[in-house]
Amino acid sequence: MAANVRIKDQWQEQRLFEQRAVVAGGVIAALSVLLLARLVTLQVVRHDYYTELSQGNRVRIEPLPAPRGLILDRNGTVIAENRPAYQLELVREEVPDLAATLQRLEAIGLIPEDDLDDARKLVASHRSFDSVPIRLRLDDEQIATFAVHRFEFPGVDIRTRLARSYPYGELAVHALGYVGAISEQDLGRIDRAAYAGTSLIGKLGVEAAYEKELHGQNGSREILVNAQGRSVQRQGALVPNLRTVAPVAGEDLLLAMDLGVQKVAEDELGARRGAVVAIDPSNGDVIALVSRPGFDPNTFGRGITRVEYKALLDNIDRPLFDRALRGTYPSGSTIKPAIALAGLVYGAAKPTEHRFCAGVYRLPGSSRMFREGRSGRHGSVDLEDAIARSCDVYFYDLANRLGVDHIASFLAPFGFGSVTGIDISGEKPGLLPSREWKRKAFSRPQDQIWFPGETVNFGIGQGYFLVTPLQLAHYTSILANQGTSYKPRLVSGLRDPVTGAVRRFPPEKGAQISTATPEQWHIVMEGMAGALRGRGTAAATAGRNMTYDIAGKTGTAQVFSVGQTEKYNEKMVPERLRDHSWFIAFAPAEAPRIAVAVLVENGGFGSTGAAPIARKVMDAWLLKGGGT
Amino acid sequence: MTFGSIDSSYTRRTLTRSARTLASLRVDGPLLVGLALIAIFGLIVMYSASGRDLASVVKSATRIGIGAVVMLALARVKPGFLRRAAPIIYAVGILLLVIVDVVGYIGKGAQRWLDLGFVRFQPSEIMKIAVPMMCAWYLHERPLPPSVGSLLASTAIIFVPVALTIAQPDLGTGMLIAIAGVLVVLLAGLQLRVILALAGIAAVGAWFGWNFLHDYQQKRVLMFLDPQSDPLGAGYHIIQSQIAIGSGGIFGKGWMNGSQGQLEFLPERSTDFIFAVIGEEFGLVGLGLLLFLYLFVVGRAIYLAMQTQETFARLLAGSIAVTFFVYVFINTGMVSGLLPVVGVPLPLVSYGGTSMVTLLAGFGILMSLYSHRKLIRS
């Protein structure tokens, strides 16, 4: 056989195969060891790491919102509570055609047309299996409507949840504030983690100021989820240690407010624009805080529609504007008691000294005339008369003798020109003018000079001097207290919703005015009491049939400037340019339990516009035994 | 043994009788037991991996049953017949592959199945056995180690069906067919220097090929090799399967208590990634046990291959045995993150496909090759 011809050698081939089989076995063994090593790495060495990853995969934390604290008035009447509300919810994946469904819901009146886009975006921003609330707080009629059409809407259903409810609607809304959807701005000042699961936050009023106390602490619940993030119910070893942290309910707010008095004040103002602030002078408790017109806070909690919100914003009466804290007006004559006191303290006025009022005042060496506002001429008046009958000429002269520096420095501790420090935010400081202020406020040198005529106007609360109704009430309570002031407060304590334990806040003292003697305070009080007696400015209105003594002062703030030679004629001036009507009072005069300031915008004279309201408010408080 | 004499003799008699029965069926007892244990373990896991779906378990069991019947039938077929039939089976297989490709081309879509009306099957599955059969048939008459000519011919035998399968496109199966064929050539005794030379040529070719590829094509290849670079796409599977295996620990979370599998974080949990379900629920112990069973089957199969006397039988049996291990290693390697993700099921455990039947058919052929040997060595 030729050397290059190979023949089959069965035995050699068998050996060759066996060799190869052994090699294959070796390779198989090596690969198996490699695989085993890999499994040991995964399951033993890095076991903890992967356990954590798998735990993170399957457990999702679901927040449990804490019930918001209630708000109660001083008699325990609940003003803000949480009630089950019916809301329309939609699960996208169960809805065959989202756009058509929303259109149809709009057609039967369950979604306002303007909110369709928002609803669509809201649904799109959630996962397809999430139940998304598209309409909060349905009324009975809407619930009935949906019930009839329910079969047409797969994936849409009505669910209940706890919603903020204000059973008295508009009543006290500016003091309470309201809750609304958490805005971008809100997100900046809250701990986002603590608000997971909370969809509403306090806006304005005590709802905002005591947000922290009302909110409580949200709890959380670990739930088992599958790869799609869908919650799954399962027993056994998959759910061995799912934790639940119970929420801690928010604390209840105990208001100093008396809802009865508040209601009287609001009813008396009625459709007029204005504000009423009533304070207990002995501790700063705010018994009533009214700004009219108001609005229904419930509309915000249920999700205000665009149309509703625009209507509120566009309303010429500005219902969202809190006149009591943010409205600044000339004080008018209500400042006269303080000017009188300043005169006594600085020796510019003597109690028994009489001055003659001929209805007009001229600064020495000047031809400019300062007219008596209303009563023509008062004749010979002393200090008490001047307050009681609100004699402008007397105070023109007194102011001129005091000088602006004394007036400004004397008024400052009454809280003018600064915020009172009430426990809700948004308060305006008003304006307490002075030489110093004028120098800074104006740019042209000729404007920076304080003119003597400005001091004269200051004496009757006109000119630059601006106050808020809250400031005037605060000032009245200091007059009532003969110099002792307390920071006004809406909230007097907190209540633990579980144990019922009440934590009262001690009254917080403000500046003490100790420059005046008790006798001087008494003279001013007598002057104010005189306003409601005899020939006093409010004797015929607030002073009628008094069963207790009232010390008060009317005021009229000019909106419209009257020329030097003209006379103000109410009938000739458009309603919104008419004077604002003020009245401040405290009672009982000798041992005051309430101090009130009432403002009626464009209400005309203080005695007719504001004084009767103040009387009703005091009656509501005192005749019922309030503050005793 | 501590059996009583009666019991002991009874047991012995029973065992003897079973052995005889198995022998007459041409079935190898240890191999059968090994396969059965894997299948039973697989069905237990299947119940959990399918989300307690008894229907899936029944379907899977039915496939195993069909496979077992095919296996028992093939075990009785004489090796000579198999050898003579090899070229015919191969030719028919090629023809079916061409039909599938043409149908797919006309229908403008990926096509793997052939629908014969009463049954649908993948012709590429036939090729998993037909290719090593054909290679063994071609090489058994030729002197071994194979000459250059035989090598080229074998390459052609392997290349044609592999190319047709990849064209379907089904890269995974094409690769497995190629491995089954190449294993025959390797077992036939291809010289080490030839192996090295071919490996060298392949490496150089790959390097040249790489440089000819466009950037985006290179990226595609890299993505295939490293899926973890895409954690939400291709990498999601492998990341989740590693979490499943790793969190299982040594003893596992318990049957039907694997969160990764039960809560569907693990994709393909009852098919390609069922190994991860076992790892999560039965831990290292479960995986070790399964691996032991696989190695027992592979070892027994190699032993049987070595016992055969003809070249055709040896090469085919050896290829079937080693290919089985390759399947196991590719799947487990992929699921545990050693290898890139390719769609290869875990033999005898993963749900579905004709692969279950093909595998058992292979073992049937292996049993036939072994049990029909002539006992000339005394």
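Just so we're on the same page: letters track the sequence lines, and every chain starts at 1.
Each of A:L35, A:V44, A:V40, A:V45 has some count of heavy-atom pairs under 4.5 Å with chain B, and the biggest count is that of A:L35. Between chain B and the options A:L39, A:T51, A:L16, A:I28, heavy-atom pairs under 4.5 Å are most frequent for A:I28.
Remark: A:Y49 OH to B:Q242 CD distance equals 9.0 Å, nearest 0.5 Å. Atoms CG and CZ, on B:L338 and A:R38 in that order, are 5.5 Å from each other to the nearest 0.5 Å. With rounding to the nearest 0.5 angstrom, the CG atom of A:L36 is 6.5 Å from the CG atom of B:L284. Distance CD1/B:I245 to OG/A:S54: 13.0 Å, rounded to 0.5 Å. Summarising the geometry, atom CG belonging to B:L295 is positioned 4.0 Å from atom OG belonging to A:S32; distances are rounded to the nearest 0.5 Å. Atom CE of B:M306 is separated from atom CD of A:Q14 by 8.5 Å, given to the nearest 0.5 angstrom.
Interface residues of residues 296-304 of chain B toward chain A, defined by a heavy-atom distance below 4.5 Å and sorted by number: B:V298, B:I302.
For A:E152, the CD atom sits in a packed shell: over 12 heavy atoms of surrounding residues, nucleotides or ligands are nearer than 6.0 Å. The number of heavy-atom neighbours closer than 6.0 Å to CZ of A:R83, taken from other residues, nucleotides and ligands shown, is 12 or below. The environment of CD in A:E94 is crowded: more than 12 heavy-atom neighbours from other residues, nucleotides or ligands sit within 6.0 Å.
Heavy atoms closer than 4.5 Å to chain A are found in the side chain of B:L291, but not in its backbone. Contacts of B:L287 with chain A are made by side-chain atoms alone, with heavy-atom separations under 4.5 Å and no backbone atom involved. Residue contact with chain A, scored on non-hydrogen atoms closer than 4.5 Å, is absent for B:A244. Heavy atoms of A:Q12 lying under 4.5 Å from chain B belong exclusively to its side chain. Interface remark: B:F251 contributes no atoms to any contact with chain A (heavy atom separation under 4.5 Å). With a threshold of 4.5 angstrom between heavy atoms, B:L266 does not approach chain A through any atom at all.
Side-chain atoms of B:R314 do not come within 3.5 Å of backbone N or O of A:F17 as any donor-acceptor pair. Here the side chain of A:Q43 pairs a donor or acceptor atom with the backbone of B:G279 at under 3.5 angstrom.
Partners of B:D53 according to the side chain to side chain contact (heavy atoms under 4.5 Å, CB included) rule, which considers only residues two or more places apart in sequence or in another chain, are B:S50, B:A55, B:S56. Applying the ring-ring contact (aromatic ring centres under 6.0 Å, His included) rule to B:Y370 yields no partners; only residues at least two apart in sequence or on another chain are considered. Residues forming a side-chain hydrogen bond (donor to acceptor under 3.5 Å, both in side chains) with B:Q240 (at least two apart in sequence, or on another chain): A:N57, B:Q260.
In this structure, A:L34 and B:F329 have side chains that are in contact, with non-hydrogen atoms separated by less than 4.5 Å. At a threshold of 4.5 Å between non-hydrogen side-chain atoms, the residues B:S247 and A:L53 do not count as touching.
Paired with A:R20 under the rule side-chain contact (heavy atoms from CB on, under 4.5 Å), one option of B:L187, B:L315, B:V322, B:L183 passes, and it is B:L187.
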